[in-house]
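Data block below; observations after.
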Amino acid sequence: MLREANAIWKDGAYTGEGVISTASGVLNNSKYVFGSLTGLTTRTSPCEMLAAAVSSSMSRMVAVEMARAGIRPTQVETDTALTLEFVGEVLRIVGAHLKITARTADSDHGQFEEAVESARRECPVSSILNIDIQCEAKLVSAAAHVFV
């Protein structure tokens, strides 16, 4: 199984910009930059795309592991925050904090924590990252109202 993408970078190493496209067409000449210190940009960045990849993969993996544990997921939402720090003079991703909210209609939630831990270990995206990954997870009834 292959997943493919293409990226083109133009101009300066820090002030330039690029475009990225995926074989699926979901990203099609989408603009990206190295990063924004203010966060006020309509362009994505490689780190933001990595956070999105971790979030989407973990949401699916938590659903898979919940099902294996006999808990039927109705929705799994994952927010991912990557921590970037300078290690010497090089900017590195040094950690990730995931907030996972899973919903189920089931009344037995017995092995939810184990399902989340298994998903953290088995996730095909986050498992290749050599960083500390912290998961904060909660399971709520699908009928419960969550106020944000």
Side-chain angles (χ1 to χ4, degrees), residues 1-69 71 73-104 109 111-142 144-148:
M1 182 182 312
L2 295 174
R3 297 294 181 252
E4 298 177 352
N6 172 268
I8 300 170
W9 184 262
K10 294 182 180 180
D11 297 325
Y14 297 101
T15 58
E17 70 176 23
V19 292
I20 187 165
S21 299
T22 57
S24 68
V26 171
L27 296 176
N28 185 13
N29 290 321
S30 299
K31 291 184 179 183
Y32 75 97
V33 294
F34 174 72
S36 169
L37 295 178
T38 63
L40 303 174
T41 180
T42 58
R43 297 170 181 95
T44 189
S45 70
C47 290
E48 183 179 63
M49 289 186 282
L50 181 58
V54 169
S55 287
S56 59
S57 188
M58 276 297 293
S59 285
R60 180 188 170 276
M61 286 305 300
V62 169
V64 166
E65 294 301 325
M66 286 174 66
R68 285 185 182 157
I71 306 168
T74 59
Q75 177 178 311
V76 180
E77 179 179 345
T78 304
D79 295 319
T80 299
L82 297 178
T83 302
L84 286 86
E85 294 178 358
F86 280 96
V87 177
E89 295 183 16
V90 181
L91 191 60
R92 298 278 188 222
I93 298 170
V94 296
H97 185 260
L98 283 62
K99 290 184 181 178
I100 302 164
T101 303
R103 300 188 197 303
T104 183
H109 307 152
Q111 298 194 334
F112 176 67
E113 292 83 14
E114 292 88 350
V116 170
E117 179 56 28
S118 181
R120 187 186 68 76
R121 280 191 320 272
E122 303 300 325
C123 175
V125 175
S126 62
S127 65
I128 66 165
L129 303 175
N130 189 22
I131 59 173
D132 180 37
I133 299 174
Q134 299 295 316
C135 292
E136 179 182 330
K138 66 179 177 179
L139 182 64
V140 296
S141 168
H145 298 286
V146 177
F147 298 98
V148 182

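Scope of the values below: all heavy atoms of this structure, side chains included, with no hydrogens, waters or symmetry mates.
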**Item:** Smallest separation among heavy atoms of R120 and E117, with atom names
**Value:** NH2-OE2, 2.7 Å

**Complete:** Closest non-hydrogen contact found for R43 with E48 is O-OE1, 4.3 Å

**Prompt:** To the nearest 0.5 Å, what is the distance between OG1 (T78) and CG (L98)?
**Reply:** 6.0 Å

**Item:** CD1-OG distance between I100 and S59, expressed to the nearest 0.5 angstrom
**Value:** 7.5 Å

**Request:** Can you sort out the partners of Q134 under side chain to side chain donor-acceptor pair (under 3.5 Å), two or more places apart, ordered by chain and number?
**Result:** D132

**Asked** At their closest point, which heavy atom of P46 faces which heavy atom of Y32, and how far apart are they?
**Response** CD-CD1, 3.9 Å

**Request:** To the nearest 0.5 Å, tell me how far T44 OG1 sits from L27 CG.
**Result:** 8.0 Å

**Spatial distance of atom CG (L82) from atom CG (L129) [nearest 0.5 Å]** = 8.0 Å

**Message:** I'd like to know if the side chain of S56 and the backbone of A53 have a donor-acceptor N/O pair within less than 3.5 Å.
**Reply:** yes

Please set out all donor-acceptor pairs under 3.5 angstrom arising from side-chain atoms of residues 5-12, sequence neighbours excluded.
unit_1: W9; atom_1: NE1; unit_2: G12; atom_2: O; d: 3.0

**Request:** Under the side chain to side chain contact (heavy atoms under 4.5 Å, CB included) rule, what do K31 and V33 come out as? Steps first, then yes or no, please.
**Result:** CA-CA 7 Å; K31 291 184 179 183; V33 294; over 6 Å; no

**Contact summary for A67 and P73, nearest pair of heavy atoms** = N-CD, 4.4 Å

**Message:** Taking CZ in R121 as the centre, count heavy atoms belonging to other residues, nucleotides or ligands within less than 6.0 Å. Is the count above 12?
**Reply:** yes

**Prompt:** So how far is it from M66 CE to T74 OG1, rounded to the nearest 0.5 Å?
**Reply:** 7.5 Å

**Item:** S55 side chain to A51 backbone, donor-acceptor under 3.5 Å
**Value:** yes

**Prompt:** Nearest 0.5 Å, what's the CZ-OG distance between R3 and S24?
**Reply:** 9.0 Å

**Heavy-atom closest contact (T104 atom, I71 atom, distance)** = OG1-CG2, 3.7 Å

**Message:** Go through it in stages, so that I can follow the logic: the residues are S126 and M61, the test is side chain to side chain contact (heavy atoms under 4.5 Å, CB included), and I'd like the CA-CA distance, side-chain angles, deciding distance and then a yes or no.
**Reply:** CA-CA 11 Å; S126 62; M61 286 305 300; over 6 Å; no

